[in-house]
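Single-structure report; data block below.
Below, chains carry the letters A, B, ... as their sequence lines are ordered, and counting in each starts from 1.
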Amino acid sequence: MSWFKRNQKGIKTPTSQKKDSPNGLWVKSPSGKLIHTKELKSNSYVFPDDGHHQRIGSKEYFEILFDHNEFAEIEEGLIPGDPLKFEDSKPYPDRVVASQKKTNLKEAARSACGKLGGKDIAVCCMDFSFIGGSMGSVVGEKIARTIDYSLERKIPFLMISKSGGARMMEAGFSLMQMAKTSAKLHLLSEAKIPYISLLTDPTTGGVTASFAMLGDFNIAEPKALIGFAGPRVIRETIGKDLPKGFQSSEFVLDHGFIDFIVDRRELKEKLMELFKLLDN
Amino acid sequence: MNNNNTVLDFEKPIVDLESKLNDMKELADKNDVDVSKAIKDLEKKIETLKKDTYKNLTRWQRVQLSRHPNRPYTLDYIYELTSSFIELHGDRSYGDDKAIVGGLGEIDGKTFMLIGQQKGRNTKQRQMRNFGMANPEGYRKALRLMKTAEKFNKPIITLIDTPGAFPGIEAEERGQGEAIARNLKEMFSLKVPIICIVIGEGASGGALGIAIGDRVLMLENTWYSVISPESCSSILWRSWDYKEQAAEALKLTADDMLGFKLIDGIIKEPLGGADKDLQKASSEIKKVILKEAESLSQLSIDELINARIDKFCKMGDFKQEEANVGV
């Protein structure tokens, strides 16, 4: 127990010999729980200690959902235009290019088809890291074409929403994506093909007011922010603080707008169970 | 109406000249002097000034006109358009939202279901109408009325005039997002013609929630976009002071929206805006409604619905990246 006795005061290691642990090896949940990234990944990016669901993107969701991480991407070549020549602090195309470089993504949604528990499925997943997961023409079109894909093959459609809403820089075009996606979902519904809408943190604005709420089955990850108007806007409008837990998955479940909340670690199994029940 | 003498900045030169003209006329009457030529000149000058002013409005000025305190609201138009109108209330599940009104009305011998957002004209009314910001039950009432119209085979007319769906605690509790989303989807299935007209403000999902139509039209001095210029300014510039710039950037006028093929047409307003002449504005709207309703009635139900779906599915602006060009 000699380490109890401190012979030398302070840390004597010279700075030059200091050993850093590589960046990004450990991550911390909001409640302060530390976990190794490898362990987090093997746990579907959920912190085992407090159940916090880390925000993840399409890459991670595809990895979690598709059997052996095997899938074919649909319409990956769609990239945004600049119909309005929109400019605020910088031109919209510059913003897009910067976001593409930063995220290594082409847009705020990716679509893929593959097998989930041996069954074909078409999935579209939003990436929040790309301009807040905002919905412009490309996101709307990708969703529309993924629905077409699932219509043609008569396979279920899963939409994973994670978005702040419509993309301002595409103004009117962005708004009409709400209409477009709803039109396609109407066709899917007529064809009686199952549509599962998974709402993750956060799902707000025009996304909530269109496809995210239109599932045959609306499901959500725990403690996600789900709502139409953003909490800040509501607070400013009514001029008082919002109740605790307002606009959380649990709140939305309580008010009757989602079917169930699913832990990400059980997501794939739960979907397989649901599909089996629909098939039998 | 017209009890409010609000003058917008850019209308001030016109109003000044008009009051000068009145003064001149009064003077002429009192003193019995012949100033008829001067009056004529001034009238001409006013006419030219009006034409120039209203032709060259900036986008922000159009936004201002769309919110003019004297601007006709949904019920003003409905009473002007119809020879008989019965208002129908309630969503049959929660309540009656006063921010969306609707009912059966007769226009030129033909029955329509008319639905629209309603704003108030004075403080008390504005409060009752919640400034034209509907709650979920408003959208659900609208959908109920549309289904009634479908059942009895009556074409639907929606009049859009809202600063947005209401952002409040109760609205979220009752599913604002779900209510709008459902309307979007259901309106694509309605087996009757739908004509949507933006008569004032067309803000975001709150407007779109009753604006899926076979014809989507905008009055000349209205706006329709994903966000109001003020909110856009506060998000992108972190201040409300850039609303004029935001209005320019959003390209939210009727001309812009038609240019982008996001709407189907523009309805002319009387010179100076609908607030200056309700009768004239209404008669133009009536003409367009009757014409469009007639042309839509020629289509079969399948043609009608397919065209409606196709039109909205074509909306978007994107590029197809060439193969092997990495980002």
Side-chain angles (χ1 to χ4, degrees), chain A residues 77-84 86-89 100-101 104-106 136-138 140-141 144 166-168 170-180 182-187 189-190 205-206 208-214 227-230 233-234 237-238 242-243 246-247 251 255-257, chain B residues 164-169 171-189 204-209 211-212 224-227 231-232 235-237 242 245-246 249-252 256-257 260 262-263 308-310 312-323 327:
Chain A
L78 293 183
I79 48 173
D82 182 19
L84 281 77
F86 196 96
E87 189 167 349
D88 50 286
S89 55
Q100 285 170 334
K101 285 209 173 109
N104 214 12
L105 295 162
K106 284 169 198 161
S137 299
V138 171
E141 187 66 18
R167 186 174 297 169
M168 251 177 299
E170 292 188 32
F173 285 93
S174 160
L175 181 65
M176 296 308 161
Q177 304 312 307
M178 294 169 64
K180 180 198 282 183
S182 304
K184 290 289 183 188
L185 287 172
H186 160 66
L187 295 174
S189 192
E190 295 272 283
T208 305
S210 58
F211 54 86
M213 275 293 165
L214 291 174
F228 173 66
V233 177
I234 299 175
T237 307
I238 61 170
L242 302 173
F246 180 64
Q247 293 188 313
F251 169 92
H255 286 90
F257 295 100
Chain B
F166 186 61
I169 292 183
E172 296 291 320
E173 286 174 343
R174 297 198 288 273
Q176 189 72 285
E178 192 274 347
I180 293 171
R182 181 179 298 272
N183 279 19
L184 302 185
K185 187 178 165 203
E186 297 282 332
M187 287 182 84
F188 280 109
S189 71
S204 199
L208 190 67
I212 303 297
Y224 191 12
S225 193
V226 76
I227 192 168
S231 303
C232 177
I235 293 172
L236 290 182
W237 283 272
Y242 296 85
Q245 247 165 291
L250 287 168
K251 304 211 167 38
L252 39 57
D256 291 325
M257 291 293 279
F260 295 140
L262 298 176
I263 59 163
R308 190 185 301 156
I309 292 174
D310 283 352
F312 281 95
C313 284
K314 281 200 189 100
M315 294 178 185
D317 184 278
F318 48 81
K319 294 179 280 193
Q320 186 86 40
E321 194 183 39
E322 282 168 39
V327 177

Legend entry - Heavy-atom proximity to chain A below 4.5 Å, by part of B:Leu252: neither
Inset, instruction - Examine whether an atom of B:Ile235 lies under 4.5 Å from a heavy atom of chain A, and if so say whether it belongs to the side chain, the backbone or both; otherwise answer neither. - result: side chain
Inset, instruction - Step through the shown structure and confirm whether more than 12 heavy atoms of other residues, nucleotides or ligands are within 6.0 Å of CZ on B:Arg174. - result: yes
Legend entry - Heavy-atom pairs under 4.5 Å with chain A, option from B:Tyr242, B:Trp237, B:Phe188 with the top count: B:Phe188
Legend entry - A:Thr237 versus chain B, the contacting section by heavy-atom distance below 4.5 Å: side chain
Inset, instruction - Could you tell me which portion of B:Met257 (side chain, backbone, both or neither) has an atom closer than 4.5 angstrom to a non-hydrogen atom of chain A? - result: side chain
Inset, instruction - Select one option (side chain, backbone, both, neither) describing which atoms of B:Leu208 are under 4.5 Å from chain A's heavy atoms. - result: side chain
Inset, instruction - Give the member of B:Ile263, B:Leu236, B:Asp256 that has the highest number of heavy-atom pairs under 4.5 Å with chain A. - result: B:Leu236
Legend entry - Contact class of B:Phe260 relative to chain A, heavy atoms under 4.5 angstrom: both
Inset, instruction - Below 4.5 Å from any heavy atom of chain B, which atoms of A:Leu84 appear? Answer side chain, backbone, both or neither. - result: both
Legend entry - chain B contact via A:Glu87 - side chain, backbone, both or neither, heavy atoms under 4.5 Å: backbone
Inset, instruction - Give, as side chain, backbone, both or neither, the part of A:Phe251 having an atom under 4.5 angstrom from any heavy atom of chain B. - result: side chain
Inset, instruction - Counting only heavy atoms closer than 4.5 Å, note whether B:Ile227 contacts chain A via side chain, backbone, both or neither. - result: side chain
Inset, instruction - Just give me the residue among A:Pro83, A:Gly205, A:Pro243 that pairs up with chain B most often, heavy atom to heavy atom, under 4.5 Å. - result: A:Pro83
Legend entry - Residue among B:Ile180, B:Ile169, B:Ile309 with most heavy-atom pairs under 4.5 Å to chain A: B:Ile169
Inset, instruction - Quick one: which of A:Gly172, A:Ala209, A:Gly81 has the most heavy-atom pairs under 4.5 Å with chain B, could you say? - result: A:Ala209
Inset, instruction - Could you look at A:Ala179 and say if it's the side chain, the backbone, both or neither that has a heavy atom under 4.5 Å from chain B? - result: both
